[in-house]
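Within every chain, numbering begins at 1; the chains are lettered A, B, ... in the order of the sequence lines, protein sequences first and strands thereafter. All values derive from a computational prediction rather than experimental measurement.
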2 protein chains.
Amino acid sequence: MNKLDKSLLNSLSSFRRLEDDQLREVLDLARLRRVPTGKPIFEEAEDAKQFFLLLDGHVRVERLNAEGDKVISLHIPPGQLFGIARALGRDTYPASAMAAVECIVLIWPMSLWDDFAGRYEGFAAEAYKTVGQRVSEMNNQIMELATQHVEQRVARAVLRLMKQHGRNTDSGVQIAFPVTRKIISEMTGSTLHTVSRLLSRWERQRILRSAHRHIHVLDASRLEELTRQDA
Amino acid sequence: MNKLDKSLLNSLSSFRRLEDDQLREVLDLARLRRVPTGKPIFEEAEDAKQFFLLLDGHVRVERLNAEGDKVISLHIPPGQLFGIARALGRDTYPASAMAAVECIVLIWPMSLWDDFAGRYEGFAAEAYKTVGQRVSEMNNQIMELATQHVEQRVARAVLRLMKQHGRNTDSGVQIAFPVTRKIISEMTGSTLHTVSRLLSRWERQRILRSAHRHIHVLDASRLEELTRQDA
DNA sequence: AACCAAGTTTGCGCTTTCACAAAGTTCGTA
DNA sequence: TACGAACTTTGTGAAAGCGCAAACTTGGTT
């Protein structure tokens, strides 16, 4: 656990209000786990026995409806808590969490949640802020689904991935994990066919490049334009 | 405030774990307000200076997108806390709250939130449970919008209103506040025209009755059927 | 080197649902 | 009780996007 401390100290807003020795206490109680790409970390409706912190990688949060259609509700970037059912007064996970790429996660038994919340000033507050951000995002997604056309929704989804999970390269901003047409369709309530047509067009227009399941955004401002109704 | 105590004691899950004298303390700090039908209680993005408990009536939670389209994300039944931005680590309201019918609300300054959460065992827990329920509903709405057709979404919306805000009458279950086609379209990401066609059909089929902005569900099980994809 | 699985592209017809339009109804209020 | 505002109904045409189908590309594996 020694190697982790340094990198943790800086990046983790969840723990940023903790003293160094408190942080050590917390880390000492955690278990570290590597999750390979595509594997589940937990499943919807499962007993919420643990909560997690994403150290490295990207987590995809998804649900299945009764007909078996998959819906992706959000992606989690490194540094965030997840699986925090307790913060929602729940004892099961409301959705499944999948490793969008290989992930390194810290794991605590859920029984420690109340401990942490009680003992460490600011821990709960930060957790609820995280919840608040997710609620905002869900709210936005509802608005988009309710009022926007597929093209706008896909443009927004790509932009969101870029902003939250992008890394700068010499050929534009690259989304940090593999993304297929199918996945974008599950994020936007569309079909992989329609998404394919849109991405092909945007590639022709040099708005983005996509190959090998990786997307580079070349011209974010034109993508922003496509986001608007009248475009 | 005396008259309230009795009715409150029973119904309010938010305070159900409080002792009688604690409850009195809490009530003594509240202000009571009547809000006429259609009037706002607070607006999206406003400074979250207060939080609320709905004693009587029904509150509609809505947002406007950049193009000015209204989206209704949920309705709140009597007995629930709302405007609890602090529970989401926010200092502005994430949406607007409107009186769907005349409402009676208790109001506390937001500064008391942390007080209550700290002092009254179970208050925070109940609040987070409420948040959790709303998150679940939002999740469901995202799934519906992403995967279901308009007819299914409208059927579900009517059923949800019936279950959460219905009162039994001799002519079926009546939704407890006025609901127009427009409102249903804003709940389902549809248009008032399409909703009108659906409701007319359902009325012909004796699944429901609707007049004077009031809807009675006559045959919930047939509505449930329409909820399914293959119907 | 060959093959398979996974992902992508593209065409075509069809359904759903919207947009626009216009008339009818009901409600509240002056 | 008359008027206007709000709400509803219904028709018609158009388009967005889906479903189905088939071919193609790419990457990984044996």
Side-chain angles (χ1 to χ4, degrees), chain A residues 36-38 67-71 98 100-101 144-155 157-158 175 177-205 208-216 226 229-231, chain B residues 36-39 67-72 98 100-102 144-155 157-158 175 177-205 208-216 226 228-231:
Chain A
T37 306
E67 280 84 27
D69 306 306
K70 191 183 295 177
V71 175
M98 304 299 215
V101 281
E144 289 176 25
L145 285 164
T147 66
Q148 310 262 277
H149 287 181
V150 171
E151 178 166 17
Q152 277 105 49
R153 302 205 303 265
V154 173
V158 173
I175 293 166
F177 49 86
V179 177
T180 65
R181 312 296 185 246
K182 182 108 190 303
I183 284 169
I184 295 182
S185 75
E186 289 165 352
M187 294 175 62
T188 55
S190 177
T191 62
L192 77 101
H193 308 278
T194 300
V195 172
S196 172
R197 281 178 242 268
L198 289 170
L199 292 199
S200 299
R201 185 157 88 221
W202 295 344
E203 188 145 12
R204 262 178 265 125
Q205 299 171 192
L208 53 75
R209 279 187 336 107
S210 104
H212 318 305
R213 299 177 222 176
H214 277 281
I215 295 178
H216 293 252
L226 292 171
Q229 202 75 277
D230 45 44
Chain B
T37 304
K39 295 283 183 242
E67 280 84 27
D69 306 306
K70 192 182 294 175
V71 175
I72 296 172
M98 304 299 217
V101 281
E102 176 169 295
E144 289 177 25
L145 285 164
T147 66
Q148 310 263 277
H149 288 179
V150 171
E151 178 164 16
Q152 277 106 48
R153 302 206 302 265
V154 172
V158 173
I175 293 166
F177 50 86
V179 177
T180 65
R181 313 297 185 245
K182 181 108 191 301
I183 284 169
I184 296 181
S185 74
E186 290 165 352
M187 294 174 63
T188 55
S190 177
T191 62
L192 76 101
H193 308 279
T194 301
V195 173
S196 173
R197 281 179 240 268
L198 289 170
L199 292 200
S200 300
R201 184 158 90 222
W202 295 344
E203 188 146 11
R204 259 178 266 126
Q205 297 171 194
L208 52 76
R209 278 188 335 107
S210 104
H212 317 305
R213 301 179 218 176
H214 278 280
I215 295 178
H216 292 251
L226 291 171
R228 284 175 249 298
Q229 202 75 275
D230 46 44

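- Within 4.0 Å of B:G189, counting heavy atoms only, lie sugar-phosphate atoms of the nucleic acid but no base atom.
- Each salt bridge (charged side-chain N to carboxylate O under 4.0 Å, His left out) pair with one or both residues in residues 182-191 of chain B, not counting sequence neighbours, appears once here: B:K182-B:E186.
- From the 5' end on, the contacts that DNA chain C makes with chain B at under 4.0 Å to a non-hydrogen atom open and close at C:dT17 to C:dC27.
- Of the residues in residues 191-202 of chain B, B:T191, B:H193, B:T194, B:R197 come within less than 4.0 Å of DNA chain C through at least one heavy atom, sorted by number.
- Contact check for B:I215 versus B:W202: no side-chain heavy atoms found under the 4.5 Å cut-off.
- With a 4.5 Å cut-off on side-chain heavy atoms, B:S185 and B:R181 do not count as touching.
- Nearest-nucleotide positions on DNA chain C for A:H149 and A:E203 put A:E203 closer to the 5' end.
- A donor-acceptor pair under 3.5 Å links the side-chain atoms of B:T37 to the main chain of B:E102, judged by distance alone.
- Nucleotides of DNA chain D nearest to B:T180 and A:H212 differ in position, and the one nearer the 5' end is that of B:T180.
- Side-chain atoms of A:S200 come within 3.5 Å of backbone atoms of A:S196 as a donor-acceptor pair (strictly under, hydrogens ignored).
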Criterion side chain to side chain contact (heavy atoms under 4.5 Å, CB included) on A:L226 and A:L198, from CA distance to verdict
CA-CA 11 Å; A:L226 292 171; A:L198 289 170; over 6 Å; no
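- Each of B:S190 and A:R181 lies near DNA chain C, and the nucleotide nearest A:R181 is the one positioned closer to the 5' end.
- Within the 4.5 Å cutoff, no side-chain heavy atoms of A:T194 are placed close to those of A:T188.
- In this structure B:R209 satisfies the salt bridge (charged side-chain N to carboxylate O under 4.0 Å, His left out) test with no other residue, sequence neighbours excluded.
- Using a 4.5 Å heavy-atom cutoff, the side chains of B:S210 and B:H216 are not in contact.
- Residue pairs satisfying the ring-ring contact (aromatic ring centres under 6.0 Å, His included) criterion with at least one member in residues 177-201 of chain B, sequence neighbours excluded, are listed as follows: B:H58-B:F177, B:H75-B:F177, B:H165-B:F177.
- In the 5' to 3' direction, nucleotides of DNA chain D lying under 4.0 Å from heavy atoms of chain B begin and end at D:dC7 to D:dT12.
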